[in-house]
Amino acid sequence: MALPPLDDSLAWTCLQRIRDGDIRGATALCRETTGHALRVDAQGWQFAGHVDASARQLLDCLLPVVIPPGNVAIAQLGQSLDGRIATVTGHSHYINGLEGRTHLHRLRALVDAVVVGVGTVVADDPLLTVRHVEGRHPVRVVLDPNARAPASSRVFQDDSAPTLHAVGAWAKPAAGIGDHVERLVIADAPGDVMPPALLSRLVERGNPRVLIEGGAETVSRFIDTDALDRLHLLVAPLLIGSGETGLRLAPIDTLDQARRPTLRRFDCGDDTLFDIAFRTPLHG
C-alpha cells in the first residue's frame with residue numbers, strides 16, 4: 001500500500017509546530033503520518049517521500065517566516081499590475097483573490113503580532129484575526145500616534161485577541177474601548193515615532209515575529225527605515241488605471257540608489273506572490 005503524501009494540511013500543521021520551536025514534533029508527526037521524517041534547518045527542508053505541489057510551495061514560502069534565528073519583521077501588501085491598492089473612491093475589496101487572502105491569514109497565524117496604521121483602521125475597519133485557516137490570533141497593534149482611531153473600531157470592541165493601542169505620550173487616553181485594549185506609549189514627541197522603536201517594544205513584550213499588514217504608507221515607512229526583513233507583495237492580474245498607489249518610498253535621483261532585494265516568485269491562485277528578502281537569507 002502506498003504511503004500517504006505530505007499534503008498542505010500536514011505541511012501547515014508542521015509550520016505551526018516549527019513556529020513554536022517544536023521541530024522534533026513536526027518531524028515525528030510527518031514520520032507517523034507518512035512514514036518519512038521532515039528534516040528542517042536554517043538552509044531549508046528535505047523529505048524523502050512524495051510531497052504535494054501545494055505543500056511544497058507552502059513550506060518553501062513560509063519556512064523563512066518561522067525558522068530564522070532572532071526576530072522577524074515581515075510586511076504584506078496586495079496590489080494590481082499597475083501598482084494600485086484601491087480605486088479613486090477607495091474601493092479595495094477585493095483586489096486579491098481568495099488564495100491571496102488565505103495567504104494573509106496564514107501569515108497572521110504564524111506571527112506573534114500584526115501591526116496596522118491608523119489609516120487602515122479608519123478606512124477598512126479590519127478585525128485582524130485568523131479566519132481562513134486554522135491557527136491562533138496574533139496580538140493586534142494599532143499604530144496611532146495621535147489616538148484618532150474611532151473607539152467603535154472592531155479591533156477596539158472585539159475581544160477575541162489582545163490589542164495594543166500604540167500612541168504618542170501627548171495623545172489623550174482613548175475612551176469607550178474594550179478592556180482587552182492596552183495603551184502602549186511608543187514616543188515622547190512626534191519625531192520619535194519610528195518603526196524600529198516599535199519593533200523593539202514588541203520584542204520586549206515577547207513578540208519576536210511581527211507582520212506589518214498595512215496600509216501602504218505604514219509598510220513604506222518600515223522599508224524606508226530599514227526595519228523590514230521581508231515583504232510579501234501580492235500582485236493581482238488586473239489594471240485599475242487610477243487611484244491609490246502602493247509603495248511610496250523616499251525619492252531617489254539615480255537608479256544606482258534603488259533597492260535591489262533578493263526575491264522569489266510563487267503562484268497564489270490567480271495572483272503572483274513576490275517574496276522579497278531585504279536581510280534574511282532565503283530558504284527552501
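These numbers come from a predicted model, not from an experiment.
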- request: Answer yes if Leu164 and Trp170 sit in the same cluster of Ile, Leu, Val, Met, Phe, Trp and Tyr residues linked by side chain heavy atoms under 4.5 Å apart, and no otherwise.
  value: yes
- prompt: Do the side chains of Val167 and Val142 join up, straight or via other hydrophobic residues, at under 4.5 Å, putting them in one cluster?
  reply: no
message: Can you pull out every salt bridge (Lys or Arg N to Asp or Glu O under 4.0 Å) where at least one residue sits in residues 149-170? Sequence neighbours excluded, please.
response: Arg140-Asp158
Check whether any side-chain N or O of [X] sits under 3.5 Å from a backbone N or O of [Y] as a donor-acceptor pair, and report yes or no.
| X | Y | value |
| --- | --- | --- |
| Gln157 | Ala151 | yes |
| Arg101 | Asn96 | yes |
| Thr27 | Ala37 | no |
| Asp82 | Gly241 | yes |
| Asp41 | Gln43 | yes |

Student check: side-chain heavy atoms of [X] and [Y] closer than 4.5 Å:
| X | Y | answer |
| --- | --- | --- |
| Asp229 | Ile74 | no |
| Val121 | Asp144 | no |
| Leu127 | His137 | no |
| Pro237 | Asp271 | yes |
| Val51 | Trp45 | yes |
| Phe222 | Leu231 | no |
| Ser92 | Asp124 | yes |
| Phe156 | His165 | yes |

query: Under 3.5 Å, is there a donor-acceptor pair between the Ser9 and Asp7 side chains?
result: no
Please tabulate, one pair per line, all N/O donor-acceptor pairs under 3.5 Å involving side-chain atoms of residues 186-203, not counting sequence neighbours.
| unit_1 | atom_1 | unit_2 | atom_2 | d |
| --- | --- | --- | --- | --- |
| Asp192 | OD2 | Ala189 | N | 3.3 |
| Ser200 | OG | Pro196 | O | 3.1 |
| Arg201 | NH1 | Val185 | O | 2.6 |

message: Going by the rule side-chain contact (heavy atoms from CB on, under 4.5 Å), which residues pair with Ala11 if we only count those two or more places apart in sequence or in a different chain?
response: Leu6, Ala55, Leu58, Leu59
message: Can you list everything that forms a side-chain contact (heavy atoms from CB on, under 4.5 Å) with Phe274? Sequence neighbours excluded, please.
response: Leu233, Val235, Leu263, Arg265, Thr272, Ile276
Kindly write out the residues that satisfy side chain to side chain donor-acceptor pair (under 3.5 Å) with [X], not counting sequence neighbours, or none if the list is empty.
| X | answer |
| --- | --- |
| Ser220 | none |
| Arg205 | Glu182 |
| Thr34 | none |

Could you report the tightest heavy-atom contact between [X] and [Y], atom names first, then the distance?
| X | Y | answer |
| --- | --- | --- |
| Arg248 | Ala216 | NH2-CB, 3.7 Å |
| Pro126 | Thr120 | CD-O, 3.6 Å |
| Val130 | Pro138 | CG2-CD, 4.1 Å |
| His180 | Ala161 | CD2-O, 3.5 Å |
| Arg17 | Gly25 | NH1-O, 3.2 Å |
| Leu228 | Ala75 | CD1-CB, 3.5 Å |

Measuring from [X]:[atom1] to [Y]:[atom2], what's the distance to the nearest 0.5 Å?
| X | Y | atom1 | atom2 | result |
| --- | --- | --- | --- | --- |
| Arg106 | Gln16 | CZ | CD | 9.5 Å |
| Leu15 | Leu10 | CG | CG | 10.0 Å |
| Leu98 | Thr102 | CG | OG1 | 4.0 Å |
| Ile177 | Arg183 | CD1 | CZ | 9.0 Å |
| Glu244 | Thr87 | CD | OG1 | 9.5 Å |
| Cys14 | Leu29 | SG | CG | 5.0 Å |

With ILVMFWY side chains joined below 4.5 Å, transitively, what does [X]'s cluster contain besides itself?
| X | answer |
| --- | --- |
| Val122 | Val118 |
| Leu273 | Leu234, Phe266 |
| Ile252 | none |
| Ile95 | Leu238, Ile240 |

Anything under 3.5 Å between a donor and an acceptor, one on a side chain of residues 107-115, the other on a protein residue two or more places apart or in another chain? List them.
| unit_1 | atom_1 | unit_2 | atom_2 | d |
| --- | --- | --- | --- | --- |
| Arg108 | NE | Glu213 | OE1 | 2.9 |
| Arg108 | NH1 | His105 | NE2 | 3.4 |
| Arg108 | NH1 | Thr129 | O | 2.6 |
| Arg108 | NH2 | Glu213 | OE2 | 2.6 |
| Asp112 | OD1 | Arg136 | NH2 | 3.1 |
| Asp112 | OD2 | Arg209 | N | 2.8 |

- prompt: Are Ile212 and Arg221 close enough, and set up right, to give a side-chain contact (heavy atoms from CB on, under 4.5 Å), and what steps lead you there?
  reply: CA-CA 10 Å; Ile212 315 304; Arg221 285 199 67 199; over 6 Å; no
Tell me, yes or no, whether the heavy-atom count around [X] atom [atom1], taken from other residues, nucleotides or ligands under 6.0 Å, exceeds 12.
| X | atom1 | value |
| --- | --- | --- |
| Glu217 | CD | no |
| Arg259 | CZ | yes |
| Arg24 | CZ | no |

Asp52 and Asp8: CA distance, side-chain angles, deciding distance, side-chain contact (heavy atoms from CB on, under 4.5 Å) verdict: CA-CA 7 Å; Asp52 286 350; Asp8 54 355; 5.6 Å; no
query: Between His103 and Leu62, does a side-chain contact (heavy atoms from CB on, under 4.5 Å) hold up when you go through it step by step?
result: CA-CA 10 Å; His103 175 76; Leu62 294 178; 3.8 Å; yes
